[in-house]
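Down below is the structure, laid out as structure tokens.
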Amino acid sequence: MDKNLTIIGGGFASWVLASVFAKQGYYISLFEGKAKNFGSQQISPNGWTALSNLVNPKKIEPYFEPFHSIYFKKLNTNQNLEFLTQFNLLNKIGNFGSIERESIIKIFKNQTLKNKSVTVYNSQIQHVISENENNKIIDDDGRVFEAKSIIGADGINGISRRFVVGLDKNIASKKIYRAVSFQNNPYQLTKKILQVLFHDKGYFVIYPTIINKKKATNFIFVPTNNNFGPPEINKKTVNYLIPNDLNWITTISSYKSGEKTSIYKNGVFLFGDAAFTIPPHLAQAGNQILEDADFLRKKLADNSNFKDVINSFIKYRYLKKNIVADKSSMIGKIFSAQKLVGNLRNLCIKSNKLDLFDYVLNPIWTNENYE
């Protein structure tokens with residue numbers, strides 16, 4: 001049976017996937033390109049369960065910063081913080097916290113490269129050429145490689161998706177602003193807490209993390225629309241939590257809208273954001289990648305046939321990811337609401353009438369049993 005596999009992409013999804021297939025005895029050629037990673041990844045309970053199945057939890061724990069509560073607050077026009085409610089997480093759910101993206105990629109990369117069957121190329125693929133599933137790929141150095149079975153994990157704008165889907169006009173883009181602080185005050189004020197702060201121009205997500213083995217605070221600002229940037233915070237008491245010297249980095253979260261598309265064509269299977277992107281409001285993109293990889297791990301253990309495993313993935317995982325994407329989009333509209341609707345949201349949260357956990361989070365945070 002042919003166990004040669006080409007993986008296009010060098011980010012989080014690629015290395016998680018490579019570790020799964022390498023463990024099943026596949027010979028892998030991975031084209032890493034120029035992957036960039038910044039900040040931390042929220043790990044929700046479903047992601048932690050999958051992660052623990054993919055790598056020894058003891059390797060993760062030194063990099064994992066736990067959350068014990070979720071706080072919801074409002075930052076009003078006078079820049080005063082108004083507390084709305086909190087959800088205690090201890091003894092109610094599994095592990096919830098954050099891990100630096102570079103650290104988690106390094107863990108999977110080291111695990112993968114223990115297998116001598118893995119070859120890494122630092123080039124980027126520019127073309128995929130297919131004739132009856134006899135595929136060839138061409139990198140940016142002009143080299144041509146035979147690549148019968150390909151997994152494209154190079155993102156929503158990568159060459160893999162363009163090969164499978166073509167030019168896709170239903171791609172929506174959302175500006176997301178990210179920053180990291182190593183100051184002590186914000187870390188102490190948000191230690192073990194994930195905070196969501198509603199503002200007139202969007203909402204903040206603030207949580208503790210570990211960056212380069214140092215205690216840090218991760219900041220995310222999701223604007224109501226792409227014309228807004230992070231608001232300037234001038235109130236000294238609020239600056240203890242949100243420093244006014246944060247170096248905000250603009251990132252683009254691209255996600256699919258409209259009709260669904262195929263994720264497999266002529267031996268090329270899309271994985272991660274290249275296959276199915278999820279709006280950012282529930283921080284599920286990385287967690288769903290971990291669940292996807294764990295699903296493939298189980299199926300590969302039962303059946304090493306590449307096509308059979310991919311067909312099973314499409315059959316069973318597609319529905320769950322549709323549900324997650326729809327819920328994330330709904331939460332984005334609620335969190336970004338302004339004026340009357342925003343005030344109604346705040347009242348519902350304050351009175352605990354918004355069934356955020358029972359209706360939205362618990363079904364997502366529960367891992368499916370595909371046995």
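- With respect to Q183, the side-chain hydrogen bond (donor to acceptor under 3.5 Å, both in side chains) criterion is satisfied by exactly one of T217, D245, N239: D245.
- No hydrogens or angles considered: a donor-acceptor pair under 3.5 Å links the side chains of Q195 and T190.
- Under a 3.5 Å cut-off, the side chain of S117 and the backbone N or O of Y26 do form a donor-acceptor pair.
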I would like to know whether S98 and T209 meet side chain to side chain donor-acceptor pair (under 3.5 Å); could you show each step before the answer? CA-CA 6 Å; S98 69; T209 191; 3.3 Å; yes
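- Geometric assessment of K215 against the ring of F182 yields a negative cation-pi assignment under the 6.0 Å and 45° thresholds.
- Across K321, K320, K298, a single residue satisfies salt bridge (charged side-chain N to carboxylate O under 4.0 Å, His left out) together with E291, and that is K320.
- By the 30° and 60° cut-offs, the orientation of the rings of W248 relative to F219 is perpendicular.
- With hydrogens and angles disregarded, a donor-acceptor distance shorter than 3.5 Å links the side chain of Q79 to the backbone of E232.
- Of the possible donor and acceptor atoms, one in the side chain of S328 sits under 3.5 Å from a partner among the backbone N and O of H281.
- F198 does not carry K74 over the face of its six-membered ring by the limits of under 6.0 Å from the centre and within 45° of the normal.
- Checking side-chain atoms of N76 against main-chain N and O of N80 turns up a donor-acceptor pair under 3.5 Å.
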Kindly indicate, with the supporting measurements, whether the criterion salt bridge (Lys or Arg N to Asp or Glu O under 4.0 Å) is fulfilled by R161 and D273. CA-CA 9 Å; R161 183 176 177 84; D273 286 347; over 6 Å; no
Using the side-chain contact (heavy atoms from CB on, under 4.5 Å) rule, take L270 and V165 through it: C-alpha gap first, then chi angles, then the decisive distance, then the call. CA-CA 10 Å; L270 300 179; V165 178; 4.3 Å; yes
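- At a threshold of 4.5 Å between side-chain heavy atoms, the hydrophobic network of Ile, Leu, Val, Met, Phe, Trp and Tyr places Y203 and M330 in one connected group.
- Residues L30 and W15 have side chains in contact (heavy-atom distance under 4.5 Å, counting atoms from C-beta outward).
- At distances below 3.5 Å, at least one donor-acceptor pair connects side-chain atoms of K174 with backbone N or O atoms of P223.
- Using a distance-only test at 3.5 Å, with no hydrogens or angles considered, a donor-acceptor pair links the side chain of N287 to the main chain of A283.
- Exactly one of I28, I107, T112 qualifies for a side chain to side chain contact (heavy atoms under 4.5 Å, CB included) with S19. That residue is T112.
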Could you check R297 against Q24 for side chain to side chain donor-acceptor pair (under 3.5 Å), going step by step and ending with a plain yes or no? CA-CA 8 Å; R297 176 191 66 83; Q24 293 299 322; over 6 Å; no
Given the rule in the salt bridge (Lys or Arg N to Asp or Glu O under 4.0 Å) test, do E65 and K191 qualify, once you have shown the distances and angles that lead to the verdict? CA-CA 9 Å; E65 184 79 9; K191 188 176 181 181; over 6 Å; no
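- The backbone N or O of Q41 lies less than 3.5 Å from no partner atom in the side chain of R101, so there is not a single donor-acceptor pair.
- A heavy-atom distance below 4.5 Å is found between the side chains of I104 and L51.
- A donor-acceptor contact shorter than 3.5 Å links the side chain of R162 to the backbone of N157.
- Remark: K299 is positioned above the aromatic ring of Y316, its terminal NZ or CZ atom under 6.0 angstrom from the ring centre and at most 45 degrees off the axis.
- Each of N212, N218, I210 was compared with E100 under the side chain to side chain contact (heavy atoms under 4.5 Å, CB included) criterion, and only N212 meets it.
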Test side-chain contact (heavy atoms from CB on, under 4.5 Å) on I70 and N88; report intermediate values, then the result. CA-CA 7 Å; I70 300 177; N88 293 318; over 6 Å; no
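- With sequence neighbours excluded, the residues forming a side chain to side chain contact (heavy atoms under 4.5 Å, CB included) with P66 are F64, H68, K192, listed by chain and number.
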